[in-house]
Amino acid sequence: MSDMPLAQMKEYMGSSPKPADFDEYWKRALEQLDRQPLDYELVRADFQSPLAECFHLYFTGVGGARVHAKFVRPTGSSAAQPGPGLAMFHGYTCDSGEWFDKVNYAAHGFTVLALDCRGQAGPSLDTVTVQGTTVRGHIIRGIDDPDPDKLYYRNVFLDTVQTVRILMSMDTVDPNRIGVHGASQGGALATACAALEPRVRIAVPVYPFLSDYKRAFEVSPTTSAYEELVYYFRFFDPNHQREDEIFNKLGYIDIQNLTDRIQADVLWVTALSDIICPPSTQFAAYNKIKSTKELLIYHEYGHEYLPYLGDKTLSKLMTL
């Protein structure tokens, strides 16, 4: 293991800074989202199942972006009365994936919305214009814009909240039974969503990304999902004259600065051999959660398939 010893990680509270106006920043962001209508468009998908109805759902996110999600709702007796809702979030640069896993949840009575992050591999559009580069990734999108509201992940975090609010508005959903789930970037988005929308009841983040940027930069800057930070400094600040400014600004979109807001019951999953999202960065976020939480550790695993995790996740979400 190249990271901290496990005992030290269990006490680690992060090293990347939190901006002084962090709370005001997110208060203002959520007030903007409150003014955003929850209207959406449904387009019946080519793929269908006898266990569920499948649709493409489109909504308008902050900044006017047209955002896509896969929408799957149960049929038959499972649809007779409002049931649990599940928002699913995908990994970095990917998309919402196949219908298969969503149908599985629908077969268990869940209404599912699986978000496609704006500007990544799915059809969601990123229409917010920013100053500066997007070299090698999305973390630094907006970092050179004088307006911190232009940070890419600020708007993606708000999209996750809007996803849950749309889900809660549906006839097939009991708004008091909402879960969120995802791995890697999806784990970060599940975490941010639960922090920014206190009505989320259960969150299952798996080896989450977007946490404790400074620590990630120090531990494995060229082998991790954070390598774009290396390219940013290499091309635009090779002497690190703006290092403090950059990491402070990234603090607005650092999930470790949000987790103390979570009210959901959390099942947090970490793999100790993860070189993509270093475990210490994940513990920095987990250790600040104040709500009911459970830590599930895969000791000899990395950023990969984790055996029986699907079963454990479904079992957890079925307690909604």
Side-chain angles (χ1 to χ4, degrees), residues 14-37 59-67 92-93 115 117-120 124-162 185 188-189 191-193 195-197 209-218 221 224-261 281 284-285:
S15 60
S16 213
K18 180 178 182 177
D21 63 342
F22 180 85
D23 291 334
E24 176 57 34
Y25 177 87
W26 282 106
K27 178 176 181 290
R28 185 174 68 250
L30 289 170
E31 287 172 349
Q32 179 187 2
L33 187 63
D34 289 341
R35 298 189 293 270
Q36 194 74 24
F59 65 86
T60 302
V62 292
R66 181 170 169 82
V67 180
Y92 198 33
T93 73
L115 179 71
C117 292
R118 53 175 72 192
Q120 296 193 24
S124 296
L125 302 179
D126 182 14
T127 56
V128 177
T129 302
V130 301
Q131 294 184 30
T133 183
T134 55
V135 62
R136 298 300 288 265
H138 297 279
I139 294 173
I140 49 84
R141 180 169 170 77
I143 200 71
D144 289 326
D145 198 295
D147 182 1
D149 288 0
K150 295 292 186 69
L151 287 166
Y152 171 81
Y153 276 108
R154 183 252 194 197
N155 296 324
V156 175
F157 288 0
L158 292 178
D159 288 341
T160 71
V161 177
Q162 193 170 354
Q185 176 186 251
L189 299 185
T191 302
C193 184
L196 295 170
E197 178 43 84
F209 183 37
L210 306 177
S211 182
D212 202 7
Y213 294 104
K214 195 165 190 178
R215 172 67 183 168
F217 185 74
E218 293 168 351
S224 73
Y226 299 90
E227 68 168 352
E228 66 194 76
L229 298 177
V230 175
Y231 287 101
Y232 179 83
F233 281 112
R234 180 180 174 87
F235 296 152
F236 301 103
D237 187 19
N239 304 121
H240 284 227
Q241 294 174 318
R242 298 174 56 218
E243 180 176 331
D244 290 346
E245 172 198 342
I246 294 303
F247 282 113
N248 187 71
K249 197 166 187 179
L250 288 172
Y252 290 119
I253 54 168
D254 189 333
I255 63 167
Q256 66 154 337
N257 293 332
L258 284 166
T259 52
D260 62 354
R261 297 175 173 221
T281 67

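Nothing here was measured: the structure is a model prediction, and the numbers come from that model.
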Inset, instruction - Evaluate the side-chain proximity of T191 to L210: yes if any heavy-atom separation is below 4.5 Å, no if none is. - result: no

Inset, instruction - May I ask you to test the R154-L158 pair for a side-chain heavy-atom distance under 4.5 Å? - result: yes

Inset, instruction - For the residue pair D159 and S124, establish whether any side-chain heavy-atom pair is separated by less than 4.5 Å. - result: no

Inset, instruction - Evaluate the side-chain proximity of Y25 to P148: yes if any heavy-atom separation is below 4.5 Å, no if none is. - result: yes

Legend entry - Charged N-O contact under 4.0 Å between D254 and K214: no

Inset, instruction - Measure the spacing between CG of L196 and CD1 of I255 and express it to the nearest 0.5 Å. - result: 11.5 Å

Inset, instruction - Answer whether the closest heavy-atom distance between the side chains of S15 and D212 falls below 4.5 Å. - result: yes

Inset, instruction - State, without any angle test, whether Y252 and D149 hold a side-chain donor-acceptor pair at a distance under 3.5 Å. - result: no

Legend entry - Main-chain N/O of G251 paired to K18 side chain as donor or acceptor, under 3.5 Å: no

Legend entry - Side-chain donor-acceptor contact under 3.5 Å, Y226 with R215: no

Legend entry - Student check: side-chain heavy atoms of F157 and L33 closer than 4.5 Å: no

Inset, instruction - Answer whether the closest heavy-atom distance between the side chains of T133 and D144 falls below 4.5 Å. - result: yes

Legend entry - H138-Y153 aromatic ring centre distance below 6.0 Å: no

Legend entry - Side-chain heavy-atom pair Y213, I246 within 4.5 angstrom cut-off: no

Inset, instruction - Salt-bridge test for E31 and K27: reply yes if a basic N is under 4.0 Å from a carboxylate O, no otherwise. - result: yes

Legend entry - Closest non-hydrogen atom pair, P17 against N257: O-ND2, 3.4 Å

Inset, instruction - Please list, chain by chain and in numerical order, all residues satisfying salt bridge (Lys or Arg N to Asp or Glu O under 4.0 Å) with D126, sequence neighbours excluded. - result: R141

Inset, instruction - Look only at the side chain of E228 and the backbone of I140, and say whether a donor-acceptor pair between them is shorter than 3.5 Å. - result: yes

Inset, instruction - Find the distance between CD (Q162) and CG (D34) and round it off to the nearest 0.5 Å. - result: 10.5 Å

Inset, instruction - Report yes or no: does Q256 contribute a side-chain atom to a donor-acceptor pair with the main-chain N or O of A285 at less than 3.5 Å? - result: no

Legend entry - Heavy atoms from other residues, nucleotides or ligands near CZ of R28 exceed 12 (cutoff 6.0 Å): yes

